[in-house]
Visitor: 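My questions all concern the structure below.
Labels below follow one simple rule: chain letters A, B, ... track the order of the sequence lines, proteins then strands, and each chain is numbered from 1.
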Number of protein chains: 2
Amino acid sequence: MSTPQHVEADLGWALGRVTRAHLRTAELVVAGLPGGPRGYQVLVEAARGGPGNQLALAQKLGVDRTVMTYLLDELERAELVRRQPDPADRRARQIVITEVGRERLCELERKLRGAEEELLRPLEPAERVTLRALLARLATDAGGPSDACQVAEELKRC
Amino acid sequence: MSTPQHVEADLGWALGRVTRAHLRTAELVVAGLPGGPRGYQVLVEAARGGPGNQLALAQKLGVDRTVMTYLLDELERAELVRRQPDPADRRARQIVITEVGRERLCELERKLRGAEEELLRPLEPAERVTLRALLARLATDAGGPSDACQVAEELKRC
DNA sequence: TATTGTTATACTCTATAACTATA
DNA sequence: TATAGTTATAGAGTATAACAATA
């Protein structure tokens, strides 16, 4: 057998495999989107209307501000978001989602929910609820930037 | 508040945060090791004595065989593993762990277990057991290469 | 003087292709 | 002819530095 003897003890191994399995399907879902998974995160934040300008957005997603420039270039070209001058600070640009972007986001979230269900299929309904709750508690306690994309970055160098 | 309203529903978000939190500490642990997290995986496989040659090792870890060459160069320079000619096939090299490598691995695994405990601290003991078990079941069902490092790669482009 | 955003450049990591030696 | 391993090279992706506009 190829799985280690201490499967249940090796939390990192299990976390990695489950997260990667989820990422595989999630990346398929956002494959056509400019910027991929990262572009999706921008749409989420823009739709939420939270951190207005590029710098705050970059920090929230845990990427460099120069990366955010290129990312927004792509998303704006696809008419999914717009850079709007901030009337209160003429250096800054507010990132707002377009109508097209909102529709695209809605469709993506529907598909992503489907992917989650697929991932949890091996578990009983009650177990799925338990797992979601336990992970959510750990997640809210964990520090650092609040986007999921950076995990991929760090997992890469495993 | 900065956390979304639908925290419990967003499995991907929670998985990403928890995995990244784990990766942060795990990468600190293996920081001094040549190849970082990936070097650790090689040590694990070499200690287990499983896939002998470089190609099998690369496939198991989900990396290109050229990457494995550079990785083993570093690990061999640090005297943690050795390339041994395979008597059965003179093209192939068997990767064996050294005594130093075994000691280093032992120390790393001890520290990694500590990091896992730290991650699970917010949960009750019974809950920790439950989470480990549920994740292990999902992990064994999930397909793909069996190393955790690739998750980091994919999470990066979120 | 500090900050937002952009651009150009350098660096890191990975994959592709070509090569040697074995099979 | 195909395979294990190495090397050189090219390609993505990211960060660093310099810049313009504004605070």
Visitor: Figure out the CG/C1' separation between B:Leu55 and D:dT6, and round it to whole Å.
Guide: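 Taking CG of B:Leu55 and C1' of D:dT6, I get 13 Å after rounding.
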Visitor: Got a list of protein N/O to nucleotides 6-11 of chain C N/O distances below 3.5 Å?
Guide:
unit_1	atom_1	unit_2	atom_2	d
C:dT6	OP1	A:Arg83	NE	3.0
C:dT6	OP1	A:Arg83	NH2	3.3
C:dT6	OP2	A:Gln54	OE1	3.3
C:dT6	OP2	A:Gln54	NE2	2.7
C:dT6	OP2	A:Thr69	OG1	3.0
C:dT6	OP2	A:Arg83	NH2	3.4

Visitor: Hey, does B:Asp86 reach any base, or is it just sugar-phosphate, or nothing, if we go heavy atoms under 4.0 Å?
Guide: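 Answer is nothing: B:Asp86 stays at 4.0 Å or more from every strand.
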Visitor: Is it true that A:Arg38 and A:Glu45 make a salt bridge, defined as a side-chain N closer than 4.0 Å to a carboxylate O?
Guide: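 Looking at A:Arg38 and A:Glu45, the cut-off is not met.
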Visitor: Looking only at atom types and distance, does a side-chain atom of B:Glu116 sit under 3.5 Å from a main-chain N or O of A:Gly12, one as donor and one as acceptor?
Guide: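 Yes, B:Glu116 side chain to A:Gly12 backbone: donor-acceptor pair under 3.5 Å.
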Visitor: Would you mind checking if B:Glu109 and B:Arg113 are paired as a salt bridge, meaning a charged N to carboxylate O distance below 4.0 Å?
Guide: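 Not counted as a salt bridge, because no side-chain N and carboxylate O are separated by less than 4.0 Å.
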Visitor: Tell me, do B:Leu33 and B:Leu43 make a side-chain contact under 4.5 Å, heavy atoms counted?
Guide: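 Yes, side chains in contact.
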Visitor: Listing request: all salt bridge (charged side-chain N to carboxylate O under 4.0 Å, His left out) pairs with a residue in residues 77-86 of chain A, at least two apart in sequence or in separate chains.
Guide: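 Those involving residues 77-86 of chain A are A:Asp73-A:Arg83, A:Glu76-A:Arg83.
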Visitor: Is the side chain of A:Arg65 donor-acceptor paired with the backbone N or O of A:Ala58 at a distance under 3.5 Å, no angle test?
Guide: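 Absent.
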Visitor: Give me the distances for all protein-to-nucleotides 20-23 of chain C N/O pairs that come in under 3.5 Å?
Guide:
unit_1	atom_1	unit_2	atom_2	d
C:dA23	OP1	B:Arg90	N	3.1

Visitor: Does A:Leu71 reach the side chain of A:Val63, with side-chain heavy atoms less than 4.5 Å apart?
Guide: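 No; the side chains remain at least 4.5 Å from each other.
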Visitor: Over all strands shown, is B:Asn53 touching base, sugar-phosphate only, or nothing at heavy-atom distances under 4.0 angstrom?
Guide: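 If one applies the 4.0 Å heavy-atom cut-off, B:Asn53 turns out to touch the sugar-phosphate alone, with no base involved.
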Visitor: Using atom CG of B:Leu61 as one end and atom P of C:dT14 as the other, report the distance to the nearest whole Å.
Guide: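 These atoms are roughly 12 Å apart.
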